[in-house]
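Below, chains carry the letters A, B, ... as their sequence lines are ordered, and counting in each starts from 1.
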Amino acid sequence: MLRVHDTALGRVVDLDQRQPGHLAMYVCGPTVYDTPHIGHGRFVLVYDVLRRYLEWRGVEVHHVSNVTDIDDKIIDRARSEGRSWEEVATEQEKAWWEAMDALGAARPTETPHATRYVEAMVEAVAELESRGYAYRAADGVYMEVARVEGYGLLARQPLDSLRAGARVEGPADKRSPLDFALWKLARSDEPSWEAPWGPGRPGWHTECVVMSLDLLGEGFDLHTGGLDLRFPHHENERAQAVALGRPFARHWMHHGMVETGGEKMSKSLGNFTTMADLLARYEGRAYRLAVLQSHYRKPMEVTPAVMADASRSLDRLDALARRVAGAELGEADEGARERFAAAMEDDLDTPAAVGMLFDLVRRANSALDSGRVEEGRRLAATVASLASPLGLALGGGGDALDGETASLVARRDRARAERDYASADALRQELVSRGWVVEDSPGGTKVRRARGL
RNA sequence: GGCGGCGUGGCCGAGUGGUUUAGGCAAGGGCCUGCAAAGCCCUGUACCCCGGUUCAAUUCCGGGCGCCGCCUCCA
């Protein structure tokens, strides 16, 4: 049984499912107003691994992740760039999926868009109004949170201790600073949809409630997102579900933020913050490994050193896969599978699980070194088998050789055969300077691309 | 001000009341190799500070210090 930290309870609990063998999961997705950054990459990878692990265990996962394609920030950007908001949203969503594909993240089962749920959101807000939870103010319709039983569950502190939205600008007739917009009336040049309160657009907190309940049904299993969404976003989603009288998520999971180390991550210092920058220098798999090597609930520092470490660690995994490539590997080790599963089920302890993987790598190499071929292959099979729920395809290799490189390799093999080591070394140096890693083997010179470090 | 988290060897990062080590990267030594690379073996003797509980604490309790997150759009 998978155990995870449930934010609503503040402790690690069994993830009991509405329907055994199935997991209905809602992952709070992006607002597509700007380029995806490495924090987005982390969150996608965390839940990608959760999903892959469960599927590896035979659980069918219904993975819904939204795309917020109408929002103040999209409107602001479009306005400042003299473009339509649709154009901005479409372009940024494209960038989103490109980055996530590059990370090898499985696409969600469904990706609902806010703009296609406006009608349903209008109905929900009308229902909240008729139930007495919503009221009209000068610039829109607001949710009166004080009327919601248990408000503050996810914030984990009483309502009156919250610093009451001190800096939020609101209309004079807003009843409490904590009240949030359900419907924003459109100013003249803003995109709008028809509604009983006048043309406008839905407030951000409404889409996730409506879409998750529509696609996953009442009492779905798991609602996830960044720790920064815990309050007020998720709190407000929950408040609406409660007010609507609809059972909401059974469990809440939140992951830690990526820390940029202040100036250390600024582009001016040659670092990266966007996924595009990161992926230009490192493999997507390396970032995946870096993410796995930190625990999902802890803050994670992403620096060039961390990425270089991860890239080298990945090399080690790939090296074993290459070493046994083409061989009949045999069955994975059952005991190792169980230990791995135990770590994963302990609140997704991926750092420990990855540690086990490397332990197996060492044992496999050791066995192969000492001629215990069958044992070595079996251990290598175990590594490959356990890498799969982590979303890591191992082996790399397959770097295509251009004609010039192939010629250098051939010349080097000839030189070595003639024991002309001076030439062989010069040719190796030439290959290295062209960005190849050179390894000798019984079959001759092997080269592969050096990874970004 | 409120709520919460964290502080482990050069770096990243698990874990545990005591006897056997997480794991990766980096470093040093060795084996292997024509030389390398890859791989293997060995080495480092870590747990913020101060009290307390205990036969025994890095691991539990209290206090302190430091760092961080949320309370405001945010993955």
**Prompt:** Can you name the side chain to side chain contact (heavy atoms under 4.5 Å, CB included) partners of A:Ala155, sequence neighbours left out?
**Reply:**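 With neighbours one apart ignored, the set is A:Gln157, A:Leu162, A:Phe231, A:Glu235.
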Using the [atom1] atom in both, what is the distance from [N] to [M], to the nearest Å?
N: B:rG39; M: B:rC61; atom1: P; answer: 42 Å
N: B:rG17; M: B:rG24; atom1: C1'; answer: 28 Å
N: B:rC50; M: B:rC42; atom1: C1'; answer: 38 Å

What is the distance from [atom1] of [X] to [atom2] of [N], rounded to the nearest Å?
X: A:Gln429; N: B:rC35; atom1: CD; atom2: P; result: 18 Å
X: A:Lys73; N: B:rU72; atom1: NZ; atom2: P; result: 15 Å
X: A:Leu154; N: B:rG4; atom1: CG; atom2: P; result: 14 Å
X: A:Leu394; N: B:rG24; atom1: CG; atom2: P; result: 15 Å
X: A:Met300; N: B:rG13; atom1: CE; atom2: P; result: 9 Å
X: A:Arg416; N: B:rU33; atom1: CZ; atom2: C1'; result: 9 Å
X: A:Tyr296; N: B:rC6; atom1: OH; atom2: P; result: 13 Å
X: A:Asp425; N: B:rA37; atom1: CG; atom2: P; result: 12 Å

[X] ring center near [Y] ring center (under 6.0 Å):
X: A:Tyr26; Y: A:Trp252; result: no
X: A:His255; Y: A:Tyr47; result: yes
X: A:His251; Y: A:His223; result: no

Heavy-atom neighbours of [X] [atom1] exceed 12 at 6.0 Å:
X: A:Glu404; atom1: CD; result: no
X: A:Glu374; atom1: CD; result: no
X: A:Arg411; atom1: CZ; result: no

Considering Watson-Crick and G-U wobble pairs with both distances under 3.5 Å, what does [N] pair with?
N: B:rG23; result: B:rC12
N: B:rG39; result: B:rC31
N: B:rC67; result: B:rG5
N: B:rC60; result: B:rG52

**Message:** Need to verify one output field. Residue with the more 5' nearest nucleotide on RNA chain B, A:Asp369 or A:Arg42?
**Reply:**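 Checking each residue's closest nucleotide, the 5'-ward one belongs to A:Asp369.
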Residue [X], side-chain atoms from C-beta onward, closest of [options]:
X: A:His255; options: B:rA75, B:rA26, B:rG34; answer: B:rA75
X: A:Ser313; options: B:rA37, B:rC41, B:rG24; answer: B:rG24
X: A:Val258; options: B:rC35, B:rA75, B:rG39; answer: B:rA75
X: A:Leu178; options: B:rU72, B:rG34, B:rA75; answer: B:rU72
X: A:Asp349; options: B:rA37, B:rA75, B:rA14; answer: B:rA14

**Message:** For residues 25-40 of chain A, which residue pairs pass the salt bridge (charged side-chain N to carboxylate O under 4.0 Å, His left out) check, not counting sequence neighbours?
**Reply:**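 Salt bridge (charged side-chain N to carboxylate O under 4.0 Å, His left out) check on residues 25-40 of chain A returns A:Asp34-A:Arg77.
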Grab the N/O contacts between the protein and nucleotides 67-70 of chain B below 3.5 Å, and write none if there aren't any.
from   : atom 1 : to       : atom 2 : distance (Å)
B:rC68 : O2'    : A:Glu259 : OE2    : 2.9

Ignoring hydrogens and geometry beyond distance, is the side chain of [X] in donor-acceptor contact with the base of [N] at under 3.5 Å?
X: A:Lys298; N: B:rC6; value: no
X: A:Asp359; N: B:rG23; value: no
X: A:Asp440; N: B:rC35; value: yes
X: A:Arg428; N: B:rA36; value: yes

**Message:** Tell me which residues in residues 340-348 of chain A lie within less than 4.0 Å of RNA chain B, going by non-hydrogen atoms.
**Reply:**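 None, since no heavy atom is under 4.0 Å.
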**Salt bridge present between A:Asp72 and A:Arg201 (N-O < 4.0 angstrom)** =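 A:Arg201 and A:Asp72: salt-bridged.
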**Prompt:** Can a salt bridge be assigned to the pair A:Arg3 and A:Glu345 using a cut-off of 4.0 Å between side-chain N and carboxylate O?
**Reply:**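 Salt bridge absent between A:Arg3 and A:Glu345.
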**Asked** Is there a side-chain polar atom (N or O) of A:Arg316 under 4.0 Å from OP1 or OP2 of B:rG23?
**Response**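 It does not, given that no N or O in the side chain of A:Arg316 lies less than 4.0 Å from OP1 or OP2 of B:rG23.
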**Prompt:** A:Arg322 side chain N/O closer than 4.0 Å to the phosphate oxygens (OP1, OP2) of B:rA38?
**Reply:**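 The answer is no; no side-chain N or O of A:Arg322 sits under 4.0 Å from OP1 or OP2.
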**Request:** Name all residues meeting the ring-ring contact (aromatic ring centres under 6.0 Å, His included) criterion together with A:His113; count only those two or more places apart in sequence or in a different chain, and write none if there are none.
**Result:**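 Result, ring-ring contact (aromatic ring centres under 6.0 Å, His included) vs A:His113: none returned.
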**Item:** Which residues share a ring-ring contact (aromatic ring centres under 6.0 Å, His included) with A:His233, sequence neighbours left out
**Value:**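 Checked A:His233 against ring-ring contact (aromatic ring centres under 6.0 Å, His included); matches are A:Trp204, A:His205.
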**Message:** Looking at B:rG34 and A:Tyr421: do their rings stack (centroid distance under 5.5 Å, interplanar angle under 30°)?
**Reply:**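 Yes; centroid distance and tilt both under limits.
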**Request:** Identify whether any heavy atom of A:Gly39 sits under 4.0 Å from a base atom; if not, whether one sits that close to sugar-phosphate; answer base, sugar-phosphate or nothing.
**Result:**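 Result for A:Gly39 = base.
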